[in-house]
Amino acid sequence: MTPPEAPSARAEPVRVLIADDQDLLRGSLRMLLDADPALSVVGEARTGREAVDLAALHVPDLVLMDVRMPDLDGLAATRAICAANGHTRVIVLTVFDLDEYVYAALRAGASGFLLKNTSPEELLRAVHVVADGQALLAPEVTRRLIADVVASGSGPAPAPWQGPPLTPREREVATLIGRGLSNAEIAARLTLSHATVKTYVSRLLAKLDARDRAQLVVFAYENGLVHAAHRE
């Protein structure tokens, strides 16, 4: 598995909202993010409800969202933020690597999922990747967990595909995205140029009304394009 493609340069700093009920962790995250001149922390939330309110007030580019918080849990807060504003992206942070959290987070609209023991370097990389419009799906563990959740039946059972009409090539690309391949890997697999693959991904996002690549993965599993047995 190749790493996520490098994010492009941005004219303005990425505006980040931190949502976690632990004061020490929020402070540590703020120090880490503030040390990066390409990032700007616009607020801190102690509860899920406060995260929703601050996201509506500041309209951040990205939210670092804890799963377990008082008042409103992180998954519900993610769902509310993503439904209210298509611009803001969410990375869910948790100490729990349970399958259902990954799948529920993606279905709620999250663009990424990280464990709280992720290294500072990996977390900063994740923030830049997701803020740039990509999905944090490169780690093998994420692909495995999504597949396991479908196989175990804790997520919706894959149904025969009933989405908008896709060309055979678009279905191929959607299937490979669902299996967790990067654009570079898809290009090599289908003998296409990198630019052509990016065009197909853009078409799929538009046709399926998907926020980002993470939502294409959910679509692929829920509509039977990818099954749990198909792992790279």
Side-chain angles (χ1 to χ4, degrees), residues 1-10 14-15 55 59-63 65 78-92 102-113 125-139 142-143 146-147 150 155-156 158-227 230 232:
M1 166 59 70
T2 58
E5 295 155 35
S8 60
R10 294 170 58 103
V14 176
R15 303 171 71 253
V59 193
D61 298 306
L62 185 141
V63 179
M65 180 74 73
T78 295
R79 189 175 299 109
I81 290 170
C82 292
N85 181 10
H87 167 77
T88 300
R89 300 181 184 278
V90 177
I91 295 177
V92 170
V102 178
Y103 197 74
L106 294 179
R107 293 203 74 214
S111 297
F113 175 93
R125 170 70 172 169
V127 168
H128 284 289
V129 165
V130 172
D132 195 50
Q134 301 179 52
L136 195 66
L137 294 175
T142 303
R143 281 193 348 221
I146 296 172
V150 176
W161 181 77
Q162 297 178 347
L166 300 181
T167 66
R169 183 63 87 186
E170 286 170 344
R171 287 174 66 95
E172 280 186 296
V173 173
T175 298
L176 294 177
I177 290 173
R179 295 183 191 177
L181 273 66
S182 68
N183 283 0
E185 290 170 322
I186 294 172
R189 178 72 62 89
L190 300 180
T191 318
L192 298 172
S193 71
H194 189 271
T196 299
V197 173
K198 289 184 70 174
T199 297
Y200 277 119
V201 173
S202 296
R203 288 179 185 172
L204 287 168
L205 291 171
K207 279 191 174 183
L208 303 177
D209 193 26
R211 287 174 54 88
D212 55 28
R213 203 180 189 91
Q215 301 309 299
L216 293 181
V217 171
V218 172
F219 174 89
Y221 275 100
E222 292 190 346
N223 289 274
L225 293 180
V226 177
H227 302 285
H230 291 161
E232 297 300 315

Side-chain contact test, heavy atoms from C-beta onward, threshold under 4.5 Å: evaluate it for Met65 versus Ile81 and give yes or no. yes

Quick check: closest heavy atoms across Val92 and Ala110, and the distance to 0.1 Å? CG2-CB, 3.8 Å

Distance-minimising heavy-atom pair for Ala55 and Pro60: O-CD, 3.5 Å

Say you draw a straight line from CD of Glu170 to OG1 of Thr199; how long is it, rounded to the nearest 0.5 Å? 11.0 Å

Do you know which two heavy atoms are closest between Ala126 and Ile91, and how far apart they sit? O-CD1, 3.7 Å

For the OH atom of Tyr200 and the CG atom of Leu176, what is their distance to the nearest 0.5 Å? 12.5 Å

Candidates Thr196, Leu216, Leu190, Leu166 - the one meeting side-chain contact (heavy atoms from CB on, under 4.5 Å) with Val173: Leu190

In sequence, state the C-alpha distance, the side-chain angles, and the governing distance for Arg169 and Leu192, and then conclude on side-chain contact (heavy atoms from CB on, under 4.5 Å). CA-CA 11 Å; Arg169 183 63 87 186; Leu192 298 172; 4.1 Å; yes

Nearest atoms (heavy-atom pairs only) where Ala131 meets Leu62: N-CD1, 3.9 Å

Leu208/Gln215 under side-chain contact (heavy atoms from CB on, under 4.5 Å): CA gap, chis, key distance, verdict: CA-CA 9 Å; Leu208 303 177; Gln215 301 309 299; over 6 Å; no

Between the CG atom in Asp61 and the NE2 atom in His87, the distance rounded to the nearest 0.5 Å is 4.0 Å

Quick check for you: to the nearest 0.5 Å, what is the distance between Arg213 atom CZ and Leu181 atom CG? 8.5 Å

Compare every heavy atom of Gly178 with every heavy atom of Ala220, then report the nearest pair and how far apart it is. CB-CA, 3.8 Å

Do you know which two heavy atoms are closest between Leu225 and Ala174, and how far apart they sit? CD1-CB, 3.9 Å

